[in-house]
Each structure stands twice: as structure tokens, then as C-alpha cells.
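Single-structure report; data block below.
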Amino acid sequence: MIQRRHRVGAVLAALAASVAAWLPVTYAQAADGPNVRIELQDDDLGLPVPPTPDDPTMVNWGLRNDGPGTAEDVTVRADLSDVIDWVTADAPVPADHIYVWPARDVPEGEAAGSLIGLSAKPGTPLGTTGTVTLSGTSANGTVVSTTAKVTVGTIEMEVNRLATRTGDRPGSTIATPVTISNVGTLPSDGVQLRMRTTIGLSYADRYSNCVYSTVSEPSYRTTQQALCTFDTVVEPGRSYRLDRPVGLDVTPQALFEYFSHEALPLSGADPTPPSGNGRVLSLVAAGDAATDGIPIGRQHIDADNTADMVAGGDTAKGEAGDVVDVTVTLGNEGPGWVGYNASDDQPALLVTVPTGTRAVRIPDRCSVWNEEAQAGTGEQTPGAPQYICNPRPTEFTVGDTRTFRFGLEIRANAGTTTGTARVTTAYGNTMAFDHTHGNDTADVSVEVEGGGTPVPGTSAPSASPSAVAAAGGNTPRPQTVSAAEDSGTLASTGGSALTAATWGAGALLLGGALVLLVRRGGRA
């Protein structure tokens, strides 16, 4: 099994200590009824050496009631007898080495559990192994037991950091070196390298010891994954490199891309059969473990390419007092796909309501535009002059179009009138990768039967001067970027309170980092 260390703060450790209590077991297992499983966040735990009592490794468990019905008086036990001679716990251990949590009812579905913090006693030999057994009882059902393997020592894999790239043209190939280091204290009997790219990149080679697939990530609908298996023993304190760089082809749709890589200790189970049919990709010893590695590496690759975001308008007819529907659109005509991977200033559509009408039905993902703050308010108040529509998901493949339908009430004495739908960003900036601006704005017209004099078309406010594309080249990232390291840390953002409330200002989750941004300027 994979040995990984899971750390939490002192607050969680205190919580575990407060809920752990020894109680007698009062119920036998029922023969039928609800079936409750004890689920572990990690069932193979490594205890660091030297020990870190103030930051213990957590046995983190929860409950899953598969039903039918509520499981009554569920009591969970954790037996430390097999490890008690060489571990210390963050809460007093009962004389029989068994923690028992108070009984409670567990409805169908997932239910919270608790934590046990463990540390190795000083002097315990590396590789010492035992198990913690978790079991339970229920008054009217069954609790399925499970075990957590505990080992003294850790396998901690890191990979090399890769610098951001800009200017790679579609049709070119990027050579990406990859290095793996074991910064733990135990060897790993083999390793898997998990690599992922966004859809504007593709793997130039297919190796026979790699499995290739399309997977989903929280911040992207699809990524291209290569999972490569190596039987090389990765020794602690040592570094290994691929025998050749990973080749990444820059496709015609490339624009904002990334390449990520992560090393995983082999679990001992047979890996998925390889799907490549080329030569074998190998690991080569590369000296001492790097001191500047990272658990998950992510390289941003901004291609020298463009994408044409297009606004679509609509025309409706009606009489004074009618509520008419108009459908506006935001689409991408390529050649690049649009998926900001380091910005929350995502593509948006700014709708200016035709004079003489009142918006009474506002679509989901659209909110009142605040001109002064250059942001949406997050409110869907009827009657505002402008609304900003922030689509979800935020990425646009080539040919992708999003629609938003507004219900407009025609006011008394209104004449035929025209508003606009304009391509912009969540903060009102111009997208500098878009070099075709003749289709950025579309009319939204309401023809009033028997109405007064036609009302001239209204126009949306101009984009911020700092956001306008510079002549003579593509500047892929006009937004200000707070460049956080890809280490799982969270970057913070400045800006107004209105900006913080904006739907369009939702941050993107990119694997190991959450990057929040402010709304104007060049790249930080």
C-alpha cells in the first residue's frame, strides 16, 4: 500500500483528544438492517522519523451508511494493541488500548467521524509496521470493520519545478525534463509518474509502460493524462530523472495551457495495463534528492495564439406592457480554446438593457453590473441598466457557445429600442488574445408595435484603458496575476468588497493551487 503522511493542525488534534473516550460496548451486531462502513482517508500511514509529536500523523475516519434507514446507537472502536509498544497518541490511551466513541444515530449517507493522532516513539527502527483496527456496533444494523497500516518512516515523493513558458507556437514541440526525488526515510519499491495536460497540448510520444486516458479535474472539464509505471527502487534521499524529456506537441487550439506532474509510490497492487505501444520510458539515477522540489508540479504554458470571442444579440417584438424574451450569446470561434489557468478574470458578457424596457427576468449567472467598481454585484435585481453574465464552466472550447435569456418588460410609450451585448471579462477588461473586435458587440433590439419614436441604440461603457490589447502582438494575460507557488497554498486577493461578492470573481482550483486575482493591469 502507498505510505503517505497526513498532517493536520493542533486544533484538529485537540478535537480528537476531546472526543476520544472509553465506554463499554452495550449492543451486539444486528443480523440485518442498515450497513455502516468505516472509511479511512488513508489506510497506509507513515510516521516520520525523527518523530513530530506536535504534528502527528492522523488516523482520519468517517462513516458511510448504505442503508436501509438510520443506523441506531452506532459505536466505533479503534484498537491500538498492535502498535501501542512503539507509538504515542495525542489523547490518553485506555488501559486496554481501545478507544470507543460515544454511541449516536447515523442516517443514510456520509457522516463525520474523528481523528487519532499517532507519532513514533524515539528509537523505533525504520520499517516497523503494525495495524490499527477500527470496528463498531449498531443496535439495528451492521458496522463493517477496517484496518489502517502504520509504518515507522515515510516515502515522500517530490518532483522538479518547471518555469512558465510563453511564445510557443502551434505546431511546435516542447521538451520537458522531469525529475523525481524521495525526500522521505523509506525506499519505494517502484513509482508511478502521473502527468496531465490541458487540451491544447498532446503527448508527442506514447511509451509502452504508460496508460493514456482523458480525465476530469475540478477546474477543467477534461485533461489528458499519462500514468507511467516504473519498477525502479526509489531510495530515500536520492533523485531520479526520466531518460528523455517528455515531448508535448502544441496543437492549433493551444492558448492557455499547463503541464502537471506528480510521483506516487507504488501500492504493491498490479498497475493498470499500459496502453502505449512505443519504447519503454525509464528512470535514471540523478544524485542526491533535490532540495527545491514540490509534491505536484504545474508548468503554465501560454501559447502564441489567438481566440475570437463573439457576442450574439437578438430581436423581440411586442406591445407596451408585454414581457418579451431576448436571448444573448457568448461564443468562441477559435482557433484557440479559452481556459484561463491563472486568472479569475474569465470571459463574460455585458448586457445593456434597451432603453424603454425593464429587465424583469434575469438569467442564472447574470447579476447587476456596478460601473464604478467594474464588477458584478452578485444580485439579480430587476430594472438595472446593465448586467454582467459570467458563464460556468468558464472555459470555452472552439465552437462553444453559452446562452442567456432575459425577460424584458416594455414600458408605456416606449418606441422601438436597441441595447447591446458585449464581449468582456468578469471585471470589464478587453481580452488581449482576441484580435478580432468587429464581432465583440451585438444589438439587442425590441420592436414595439404601435410605439413611439424609435430610441437610438445605447452602448456599453468602454473597456478599461489598461486592458486594451497592444498593437503588434498577442499578450495572452492582460489581467493582474498573483502568482502563487504550486504547493497547495492559497493566495489572497485585494480589491473592493463588491469584487469579492462577484460571481465572476470565483477563483479557479488548479490541482495543487488556488490563485485569486485583482482586476486590472499586466501580469505580476
Side-chain angles (χ1 to χ4, degrees), residues 4 156-168 173-181 183 191-204 210 212-228 239-242 245-251 253-264 289-303 305 336-346 393-395 476-477 479-493 506-517 523-524:
R4 295 188 184 181
E156 297 183 53
M157 296 294 188
E158 292 185 347
V159 294
N160 56 314
R161 298 174 185 267
L162 296 169
T164 295
R165 296 180 63 98
T166 60
D168 292 294
T173 299
I174 300 169
T176 304
V178 171
T179 302
I180 296 171
S181 296
V183 297
V191 66
Q192 286 186 320
L193 175 65
R194 181 162 61 197
M195 300 179 287
R196 289 181 177 177
T197 72
T198 40
I199 61 177
L201 303 173
S202 65
Y203 297 103
C210 299
Y212 297 89
S213 61
T214 299
V215 297
S216 297
E217 288 194 353
S219 55
Y220 287 95
R221 282 179 285 185
T222 57
T223 57
Q224 316 304 311
Q225 176 174 281
L227 185 63
C228 304
S239 180
Y240 302 79
R241 62 173 175 82
L242 295 183
V246 176
L248 300 174
D249 289 336
V250 183
T251 72
Q253 64 178 334
L255 186 57
F256 300 117
E257 312 301 326
Y258 78 69
F259 167 76
S260 71
H261 58 313
E262 176 185 15
L264 307 169
T291 58
D292 60 347
I294 192 169
I296 301 176
R298 181 174 283 116
Q299 179 183 38
H300 294 287
I301 301 169
D302 291 351
N305 201 4
W337 81 295
V338 177
Y340 293 147
N341 52 42
S343 170
D344 65 347
D345 200 7
Q346 299 295 325
T394 58
E395 65 265 27
R477 295 178 187 274
Q479 297 75 26
T480 298
V481 177
S482 175
E485 295 289 347
D486 291 313
S487 59
T489 57
L490 300 181
S492 61
T493 180
L508 296 180
L509 288 171
L510 303 180
L514 174 63
V515 185
L516 300 179
L517 303 108
R523 184 168 193 155

Give, for atom NE2 of His300 and atom OG of Ser260, the distance between the pair rounded to the nearest 0.5 Å. 10.5 Å
So, taking the atom named OH in Tyr340 and the one named OG1 in Thr394, what distance separates them when rounded to the nearest 0.5 Å? 10.0 Å
By the definition side chain to side chain contact (heavy atoms under 4.5 Å, CB included), identify the one residue from Glu262, Gln225, His261 that meets it with Arg196. Gln225
Less than 4.5 Å apart, any side-chain heavy atom of Cys228 and any of Met195? yes
Compare every heavy atom of Pro245 with every heavy atom of Pro177, then report the nearest pair and how far apart it is. N-CB, 4.1 Å
Report the C-alpha separation of Ile294 and Val159 in whole Å, then their side-chain angles, then the decisive distance to 0.1 Å, and conclude whether the side-chain contact (heavy atoms from CB on, under 4.5 Å) test is met. CA-CA 5 Å; Ile294 192 169; Val159 294; 4.1 Å; yes
With rounding to the nearest 0.5 angstrom, report the CG to CZ distance, Leu248 to Arg165. 9.0 Å
Is there side-chain contact between Thr197 and Thr223, with at least one heavy-atom pair below 4.5 Å? no
Contacts of Pro393 that satisfy side-chain contact (heavy atoms from CB on, under 4.5 Å) - sequence neighbours left out: Arg221, Glu395, Arg402
Below 4.5 Å, heavy atoms only, C-beta onward: do Ile301 and Thr164 meet side chain to side chain? no
Which atoms form the tightest heavy-atom contact between Val183 and Ala289, and what is the distance? CG1-CB, 4.2 Å
Without swapping roles, check the side chain of Ser181 against the backbone of Ala290 for a donor-acceptor pair under 3.5 Å. yes
Taking side chain as C-beta onward, heavy atoms only, is Met157 less than 4.5 Å from Leu264? no
Hey, does Leu242 have a side-chain heavy atom less than 4.5 Å from the side chain of Leu193? yes
Minimum heavy-atom distance Ala226-Tyr212, with the two atoms named: CB-CE2, 3.5 Å
Could you list the residues that satisfy salt bridge (charged side-chain N to carboxylate O under 4.0 Å, His left out) with Asp249, not counting sequence neighbours? none
Does Gln224 reach the main-chain N or O of Ser202 with its side chain, forming a donor-acceptor pair under 3.5 Å? no
Residue pair Asn305 / Gln253, side-chain heavy-atom distance below 4.5 Å: no
Is a side-chain N or O of Ser343 found less than 3.5 angstrom from the main chain of Asp345, in a donor-acceptor match? yes
Could you check whether any side-chain N or O of Thr166 sits under 3.5 Å from a backbone N or O of Asp302, counting only pairs where one atom can act as donor and the other as acceptor? no
Any non-hydrogen side-chain atom of Thr179 less than 4.5 Å from a side-chain atom of Tyr240? no
Quick one, Phe259 and Val178 - any side-chain contact, counting heavy atoms below 4.5 Å? yes
Examine distances only and state if a side-chain atom of Asp292 and a backbone atom of Arg161 form a donor-acceptor pair shorter than 3.5 Å. no
